[in-house]
Amino acid sequence: MSEEKKSLNFIEQIIEEDLANGLPKEKLRFRFPPEPNGYLHIGHAASICLNFGLGLKYNAPVNLRFDDTNPAKEEQEYVDAIKHDIEWLGFKWDKELYSSNYFQQLYDWTLALIKEGKAYVDNQSSEEMAIQKGTPTEVGTDSPNRNRSIEENLSLFLKMKNGEFEEGSHVLRAKIDMKHVNMHMRDPIMYRILKKEHHRTGTDWCIYPMYDWTHGESDYIEQVSHSICTLEFKSHRDLYDWYVEQVYDNSKLRPKQREFARRNLSYTVMSKRKLLQLVEEGVVSGWDDPRMPTISGLRRRGYTPMSIRNFSDISGISKRENVTDVALLEHCIKDDLNKTTPRVMAVLNPVKVVITNYPEGKEEFLDANYNDYEEGFGSRLVPFSREIYIEKEDFREEANKKFFRLKLGKEVRLKNAYIIKAESCKKDENGEVTEIHCTYDEDSKSGSGTEASKRKVKGTLHWVSISHAIKAEVRVYDRLFTDEAPDGHKDVDFKEFINPKSLQIINAFAEPSLKTAKVLDRVQFQRLGYFCVDKDSTSNKLVFNRTVPLRDSWAKQNK
RNA sequence: UGACCCAUGGUGUAAUGGUAGCACUCCGGUUUUUGGUAUCGUCAGUCAAGGUUCGAAUCCUUGUGGGUCAACCA
């Protein structure tokens, strides 16, 4: 067996290079660092799969670190949801950590920095500081407070810490270079006063470290070898390195930040802010609405962990802006579900069929495989009787040869049952077909082995016996947006592109074997698509979500 | 009027100076008791112009296009 050599992505190449340059393999360590201020989405999944995938590949630990330095936005609810999502995806973190674990260490390091004259307290307004900061094309100017004495800085910072100042009145800044070409290096803020209760440290602190001062140091404390983040942090890298340099002890490993492009998906938005807007304005029912690109939404929609991991692997990573076609995600879930789900029957848009030569009152239980092509799925008995439902679209009074379904005078096979022939139909005053009268070939029963059962007829339809069918609500989803890149238009708000028909609620009829289906159970409704049981289901009413329809080359042909 | 990053079929990626490959999408054939699946196939690409080289998607220069950077957010 020859192993195909899989090419490395650019992050793996960097790692291989570091390894080749003497970094011991045991020192490899990664982390996934979400801020607990919202729910994870498919873009985060790319980062999760990248980091945890690296952990698996190099047999290295991966920490889950909550970047919780802003108590104004963060909540325990999000911590719990994030952990659940990662576990559901099937990844195991080495340690569960919090940036807030390091508040004391960060504080101690800060004191040392002040003593070295590398940080100072500024009590100007944020407006004043913004002006002094300059612009990307103009250098900044020094704060009048930049040259306070070390003693004064120490005492001021202590007062900040002790709550003696109002929120917003003072900040601590790193003294770097107001003329630096990189704006992040122009005396960035290290600490601000926030008199808010933190979900973990309570009221222990009223000063909180900023992201930049926290992130690299946290990586350093945890001895993360490769700190992988998204492209927009590229320009933070100078600062990341500067901060780490301040505390670096050369017996230790120096973490390395590298950036990759976030994954975007067509026909949806990915920013937490916009997703939150959809939730708050009631466009969707919540973070886990099956139309949302969140992990929880995809889970509820019926996506499997495997399909999402596979999608991330297939998509790969790079440094260029991208919009991945949602068709690829859909391909991944269909591919997985095709191999794993039982086939059952349900009719979404019913029309009544009466089999006139089938005895009234008679019922039969027909053996039907859950999967005709794969072993191990087993079978169940499906009730058959004189009156059944089929899909309205599966009948036409007249049609050309390309229509393989039921038409007057022609035959079709009822899946797992008999061959029937349409004889006549009844219509209402609008000309809409309300009832189809058929006859059946008694000898054509599926699997009976008779000559008649082996007859080839072009069409096979799914159906349910009316008297035995159970009612079910089926939620059929379409894309949430009508535009490929809803937030990619400069002059149009993304909400202008909301698809008004993204949710269609249908009262369907399903075969009775589904009665015992449990929340999150996944099935294929034969000829229709993959569906899963929604959490809104009750003991007397099942609710199904359509995860994804089957490929429908007939519908395509008819467009 | 700056710095940095990026540019390969419609989409996402690979090729790391030596045959531009893979997947999705689209389209077509075969099989089929799912117009599904499977399977076979078609179409389709190196942003541009120069340069280095026996040889450039790859290295250099310039240009073009896109992105990022001025929150007491992360």
Side-chain angles (χ1 to χ4, degrees), chain A residues 6-10 13 33-35 37 67-70 72-74 122 125-126 129-131 133-140 167-173 180-184 186 189-194 207-208 210-212 214-215 229 231-238 259 261 263 266 272 311 314-332 334-335 338-339 343 345 371-374 402-405 412-417 419 446-447 453-462 484 524-529 549-557:
Chain A
K6 236 192 122 195
S7 57
L8 302 176
N9 64 48
F10 80 97
Q13 287 172 29
E35 182 188 14
N37 69 341
D67 225 331
D68 57 346
T69 58
N70 185 359
K73 286 190 182 174
E74 296 149 7
D122 203 340
S125 69
S126 56
M129 287 192 279
I131 291 166
K133 192 136 195 172
T135 70
T137 54
E138 292 166 75
V139 296
E167 253 184 47
S169 65
H170 294 68
V171 291
L172 184 81
R173 295 227 256 170
H180 203 288
V181 67
N182 183 343
M183 298 217 39
H184 295 284
R186 324 241 259 229
I189 292 173
M190 295 174 73
Y191 276 96
R192 77 288 213 188
I193 300 168
L194 245 30
I207 53 169
Y208 289 92
M210 300 288 287
Y211 164 83
D212 289 295
T214 309
H215 205 92
C229 59
L231 243 33
E232 67 271 27
F233 289 98
K234 178 69 215 282
S235 58
H236 292 244
R237 192 150 111 193
D238 288 343
E259 312 80 12
R263 174 103 3 229
S266 62
K272 275 186 194 173
F311 169 72
I314 291 176
S315 299
I317 60 155
S318 67
K319 292 172 80 166
R320 65 161 150 157
E321 298 293 317
N322 61 81
V323 182
T324 302
D325 193 337
V326 70
L328 184 61
L329 217 211
E330 290 170 349
H331 162 77
C332 290
K334 280 189 270 194
D335 191 46
N338 175 45
K339 294 175 198 141
R343 275 62 167 164
M345 295 193 286
N371 190 322
D372 285 337
Y373 308 97
E374 295 280 336
K402 281 163 83 180
F403 186 79
F404 304 158
R405 307 175 183 193
V412 291
R413 152 86 52 196
L414 293 176
K415 178 76 185 171
N416 297 128
I419 293 172
S446 289
S453 74
K454 291 175 187 160
R455 277 168 54 208
K456 299 281 175 200
V457 285
K458 191 64 187 165
T460 300
L461 307 186
H462 62 277
E484 233 180 308
Q524 183 195 95
F525 286 165
Q526 211 133 128
R527 299 212 301 138
L528 297 176
L550 253 26
R551 182 156 167 257
D552 188 349
S553 40
W554 169 243
K556 227 169 243 175
Q557 218 177 103

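A note on names: the letters A, B, ... follow the listed sequences, proteins ahead of strands, and every chain is numbered from 1. Keep in mind that what you see is a predicted model, and the values were worked out from it rather than measured. Because only heavy atoms are used, hydrogens play no part in the values below, and waters and symmetry mates are left out as well, while side chains stay in.
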Touch class at under 4.0 angstrom, heavy-atom based, for A:Ile317 against every strand present
sugar-phosphate

Return the set of residues passing salt bridge (Lys or Arg N to Asp or Glu O under 4.0 Å) with A:Lys334 (not counting sequence neighbours), or none when no residue passes.
none

Spacing of the C1' atoms in B:rA7 and B:rG63 (rounded, Å):
14 Å

Compare all side-chain heavy atoms of A:Arg263 with those of A:Phe311 and state whether any distance is below 4.5 angstrom.
yes

Taking salt bridge (Lys or Arg N to Asp or Glu O under 4.0 Å) as the definition, give me every residue that meets it alongside A:Asp335, ordered by chain and number, with sequence neighbours left out.
A:Lys339

Scan nucleotides 20-35 of chain B nucleotide by nucleotide, 5' to 3', and note B when protein non-hydrogen atoms come under 4.0 Å of the base, S if they reach only the sugar-phosphate, - if neither.
----SSSS----SBBB

Residues in salt bridge (Lys or Arg N to Asp or Glu O under 4.0 Å) with A:Arg413, at least two apart?
none

Measuring only between side-chain heavy atoms, which start at C-beta, is A:Arg192 closer than 4.5 Å to A:Tyr208?
yes

Strand RNA chain B in bracket notation, Watson-Crick/G-U under 3.5 Å with | for pairs to another chain
.((((((..((((....[..))))..((((.......)))).....(((((..]....))))))))))).....

Is A:Asn322 near enough to B:rU13 that one of its side-chain N or O atoms lies under 4.0 angstrom from OP1 or OP2?
yes

Distance between P atoms of B:rU37 and B:rC5 (Å, rounded):
44 Å

On a whole-Å scale, what distance lies between the P atoms belonging to B:rA48 and B:rU30?
40 Å

Nearest-Å distance, CD (A:Glu330) to P (B:rU37)?
13 Å

A:Arg237 CZ to B:rA3 C1', in whole Å, measures 14 Å

On a whole-Å scale, what distance lies between the P atoms belonging to B:rG65 and B:rU13?
23 Å

In whole Å, what is the span from the NZ atom of A:Lys339 to the P atom of B:rG36?
18 Å

Can you tell me, in whole Å, how much space there is between the C1' of B:rC69 and that of B:rA74?
15 Å

What does nucleotides 66-74 of chain B look like as a protein-contact string, B for base, S for sugar-phosphate only, - for none, at under 4.0 angstrom between heavy atoms?
-SSSB-BBB

In terms of ring plane angle, is the pair A:His236 and A:Tyr211 parallel, tilted or perpendicular, where the classes change at 30° and 60°?
perpendicular

